[in-house]
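Protein chains get the first letters and strands the later ones, always in sequence-line order, with residue 1 at the start of each.
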Number of protein chains: 2
Amino acid sequence: MSDLAVSDVVARLRAELGDLVDTADAALDEARADKSGHGAAGTPLAVVHAASVADVQAVLRIASETGTPVVTQGARTGLAGGANAGPGEIALSVRGMTRILEVRPDDLLAVVEPGILNAELNAALAEHGVWWAPDPASRAISTVGGNIATGAGGLLCAKYGVVRDAVLGLDVVLADGRLLHLGHRSVKGVTGLDLTSLFIGSEGTLGVIVGATLKLRRLIPGAVCTIAATFPDVRTAAEASAAVTASGAQPSIMELMDAASLAAVHALLHLDPPTPGAAQLTIQTDGPAAAAEADAIATTLADAGGVVALSHDPAEGDRLLAIRRAMHPAMESLGRALIEDVSVPRSALPAMFDEIARVERAYDIVIPTVAHAGDGNLHPNFIFDGIEVPQIIWDAADDLFRAALRLGGTLTGEHGIGVLKQRWLADELGDDQWQLQRDIARVFDPAGILNPGKVFAP
Amino acid sequence: MSDLAVSDVVARLRAELGDLVDTADAALDEARADKSGHGAAGTPLAVVHAASVADVQAVLRIASETGTPVVTQGARTGLAGGANAGPGEIALSVRGMTRILEVRPDDLLAVVEPGILNAELNAALAEHGVWWAPDPASRAISTVGGNIATGAGGLLCAKYGVVRDAVLGLDVVLADGRLLHLGHRSVKGVTGLDLTSLFIGSEGTLGVIVGATLKLRRLIPGAVCTIAATFPDVRTAAEASAAVTASGAQPSIMELMDAASLAAVHALLHLDPPTPGAAQLTIQTDGPAAAAEADAIATTLADAGGVVALSHDPAEGDRLLAIRRAMHPAMESLGRALIEDVSVPRSALPAMFDEIARVERAYDIVIPTVAHAGDGNLHPNFIFDGIEVPQIIWDAADDLFRAALRLGGTLTGEHGIGVLKQRWLADELGDDQWQLQRDIARVFDPAGILNPGKVFAP
């Protein structure tokens with residue numbers, strides 16, 4: 001794009017959107033990167049702070065007419081670089097669209113704007129006795145729209161589902177500025193193709209999510225029980241978690257932390273150092289059978305070689321889970337972290353930890369790993385110095401991804417493809433499906449202005 | 001298509017598929033219709049009884065090369081005419097592909113072929129202590145592949161979800177015969193676009209489902225409690241069901257039958273006639289809190305004006321539910337039935353029954369109606385004489401559909417569009433979304449040979 005064209009786009013944005021168009025250096029620089037640590041090579045043309053659906057439509061009309069790429073952004077807490085905005089692009093922020101438009105406890109639904117934070121929404125919903133189940137570790141800082149755009153998961157997924165299970169309908173703005181209402185307000189609905197599901201996890205490539213009709217649950221009555229179990233090594237802990245799943249118990253949360261993760265978090269939180277080499281499972285049960293389930297799980301864990309502590313005290317439960325939720329800052333304290341996100345069938349969890357150990361030995365690196373063990377989703381963290389991911393780290397990550405695929409798993413359980421996993425996408429999908437997916441995206445976005453260079457970039 | 005071309009297609013099918021190609025008059029005639037009562041105007045070219053994925057691929061290669069339309073069929077228990085095969089078309093039956101390829105209770109998944117009946121699958125899964133939750137009233141006669149292709153629901157959906165919530169991955173054959181593997185074996189997975197969800201409810205327009213990786217649940221331990229509550233009229237019963245939902249109780253089943261439905265089923269089953277005008281709710285609770293939940297629900301129902309009977313006897317529970325499951329044969333005993341499938345937000349259930357009463361008065365007809373009251377999905381039955389749906393019935397149905405849309409509902413909760421609801425599809429989706437959905441289908445099927453004239457036909 002020529003300099004003249006650039007100034008023309010910004011001028012047109014300003015003419016229609018006035019002060020919502022932000023070209024301050026700090027804003028442009030911020031818009032380059034998400035929480036992955038990876039940033040675009042330069043800064044975008046402008047950041048537009050949309051305050052309404054009409055603002056979003058105006059941006060997309062101008063973008064379509066001028067052939068300008070648009071990168072939709074929320075709180076930029078993504079971990080795959082999917083919302084990074086670079087040179088020649090408009091960063092379209094919907095972070096300011098935070099209204100809760102409707103809460104219907106009787107119909108177990110809420111209608112919200114995309115920029116509201118997950119935790120803020122749930123705090124508001126709690127007053128009505130309901131909640132939205134998707135529970136990413138980032139819930140205090142990530143938006144509902146971003147959760148939907150990435151198909152986020154979280155800690156509570158094994159029992160309460162992922163985003164895909166918790167959205168009834170979406171309002172979206174297409175590349176040319178048209179507004180569509182997808183999905184339903186009813187629990188059931190099979191009218192035509194399920195475009196709502198197609199948008200979930202589409203990472204800004206199909207349109208801009210400007211509203212969501214969310215499927216809610218009632219708050220679970222009764223007290224939560226929390227179990228912490230320590231194992232001599234991570235494989236034993238993984239086997240124990242698979243045994244819990246196989247036993248038929250259904251914990252609401254089952255998180256696994258390996259020795260390196262525990263050490264980093266304990267150091268960050270100024271706790272006593274953990275036993276060297278030991279791994280930990282943190283498990284919660286809830287609902288009417290919480291206590292009985294916790295007792296049964298504790299027995300399974302002890303049989304599997306764990307040292308088990310069971311608590312009925314909610315404060316103690318919060319304290320134990322705070323250790324898990326501190327994982328991301330703990331990794332940041334060690335250096336730059338490439339946070340991976342492979343997911344495998346639950347029975348393959350011990351084998352996946354074997355593969356991680358093999359990769360650690362082969363590349364002489366440490367890969368602190370946490371896992372949502374209840375659903376087989378692992379976050380191996382590759383720590384490195386400097387800005388760019390070194391080649392040896394990419395090689396090790398490549399080795400790890402291929403191991404996950406061999407075990408019947410996937411590249412990404414909940415973070416998405418973004419820019420960081422593009423090179424492996426066709427390996428998992430196969431060339432035919434990769435092309436088909438790209439062709440579908442082109443139906444929504446014939447000119448290729450929606451988040452180009454992400455997900456399907458060659 | 002000329003007669004020469006027709007004989008050429010059949011000859012090519014026979015050359016590759018031999019005895020799997022069936023042109024017996026009885027088979028061709030059967031393939032014209034599903035359970036909706038609506039049939040294609042004539043018979044298809046041939047029925048191919050596929051026994052393997054390779055058979056399906058061969059059919060689609062020949063169909064693509066000759067430009068011959070293909071209608072995929074399972075047990076033909078659909079209620080929207082979506083699998084009806086007519087002149088110039090190949091009826092591709094996958095009913096014979098019934099193998100269970102894998103059951104993994106530890107990973108809560110099963111891999112199956114599409115032709116297995118829902119009830120047969122669940123009988124086999126029960127031996128492993130697991131089940132597949134989608135539970136259409138037709139489960140004894142409908143296939144898993146058909147359940148997926150229509151996005152089926154059923155009786156247990158409010159608590160245990162619909163098909164969309166219970167499929168991890170699909171193997172599909174595209175229009176040109178290529179085989180794709182969509183989705184994952186892991187619980188979580190967000191690699192690219194969610195094409196698995198796009199296929200669910202796509203009614204044969206995107207490809208042929210030849211395998212499914214199903215998400216299972218563990219069998220619910222403990223006894224089921226069953227409640228039957230009788231109300232003086234259907235509106236009071238609907239208000240009572242909305243009150244149960246609003247109370248926070250989560251019954252596994254909550255079915256509503258109006259007076260005309262009850263009368264027809266009682267007559268069919270040779271039971272004493274029910275109280276004239278009275279409507280009934282049949283409710284089950286399960287799981288560890290089943291008894292406590294049943295007691296609470298019974299109180300809610302009594303407060304709402306119901307005469308309540310609570311049973312802890314499983315045989316009595318089966319007997320009560322058998323009344324509900326006999327609805328479809330009972331309607332068939334009255335004449336031809338056009339079984340509708342509107343779905344509304346649960347709080348709108350009483351208002352929807354008001355609309356049905358209004359339509360009954362306006363058109364001077366009786367519309368026996370049952371509802372999956374736990375999820376707001378109603379099945380109004382329009383009874384008529386003769387083969388073709390009379391215009392007055394279509395007019396009444398049109399009135400009813402528009403009422404459901406006004407109440408925030410949808411045309412179809414679980415049966416699909418097929419041929420019978422095409423004329424209303426754009427009313428619900430809007431013209432822009434209708435065209436977008438059609439364009440997406442064209443990406444899968446550029447030549448338009450997959451189930452043409454269904455869903456998106458003009």
Looking at [options], which makes the most heavy-atom pairs under 4.5 Å with chain A?
options	result
B:Leu174, B:Val342, B:Leu436	B:Leu436
B:Gly189, B:Gly201, B:Ala152	B:Gly189
B:Val443, B:Asp107, B:Leu109, B:Val455	B:Asp107
B:Ile417, B:Leu407, B:Leu198	B:Leu198
B:Leu195, B:Thr205, B:Val130, B:Asp341	B:Leu195
B:Arg442, B:Lys421, B:Gln250, B:His184	B:His184

So which part of [X] gets closer than 4.5 Å to some heavy atom of chain B, the side chain, the backbone, both or neither?
X	value
A:Pro345	both
A:Arg218	side chain
A:Leu206	side chain
A:Lys215	side chain
A:His372	side chain
A:Asn377	side chain
A:Val344	backbone
A:Leu219	neither

With rounding to the nearest 0.5 angstrom, report the [atom1] to [atom2] distance, [X] to [Y].
X	Y	atom1	atom2	result
A:Phe444	B:Ile440	CZ	CD1	3.5 Å
A:Leu179	B:Asp432	CG	CG	9.5 Å
A:Ser186	B:Leu349	OG	CG	11.5 Å
B:Thr245	A:Leu108	OG1	CG	7.5 Å
B:Leu180	A:Gln433	CG	CD	6.0 Å
B:Phe199	A:Leu193	CZ	CG	10.0 Å

Name the region of [X], side chain, backbone, both or neither, that has any atom closer than 4.5 Å to a heavy atom of chain A.
X	result
B:Leu182	both
B:Arg185	both
B:Gln437	both

**Prompt:** Thinking salt bridges, do A:Arg346 and B:Asp106 make one under a 4.0 Å N-O criterion?
**Reply:** no
**Item:** Shortest non-hydrogen contact from B:Cys157 toward A:Lys188
**Value:** SG-CE, 3.5 Å
Between [options], which has the largest tally of heavy atom pairs under 4.5 Å with chain B?
options	value
A:Ser347, A:Pro288, A:Ala441, A:Ala348	A:Ser347
A:Gly151, A:Gly192, A:Gly153, A:Ala289	A:Gly192
A:Ser202, A:Gly408, A:Gly430	A:Gly408
A:Gly154, A:Pro221, A:Ser247	A:Gly154

**Prompt:** Is a side-chain donor or acceptor of A:Asp375 paired with a backbone partner of B:Val187 at a separation under 3.5 angstrom?
**Reply:** no
**Message:** Checking the side chain of B:Arg164 only, and the main-chain atoms of A:Val190 only, is there a donor and an acceptor separated by less than 3.5 Å?
**Reply:** no
**Asked** Is there a donor in the side chain of A:Ser197 and an acceptor in the side chain of B:Asp194, or the other way round, less than 3.5 Å apart?
**Response** no
**Request:** Verify whether one side chain among B:Thr410 and A:Thr191 offers a donor that lies under 3.5 Å from an acceptor in the other.
**Result:** yes
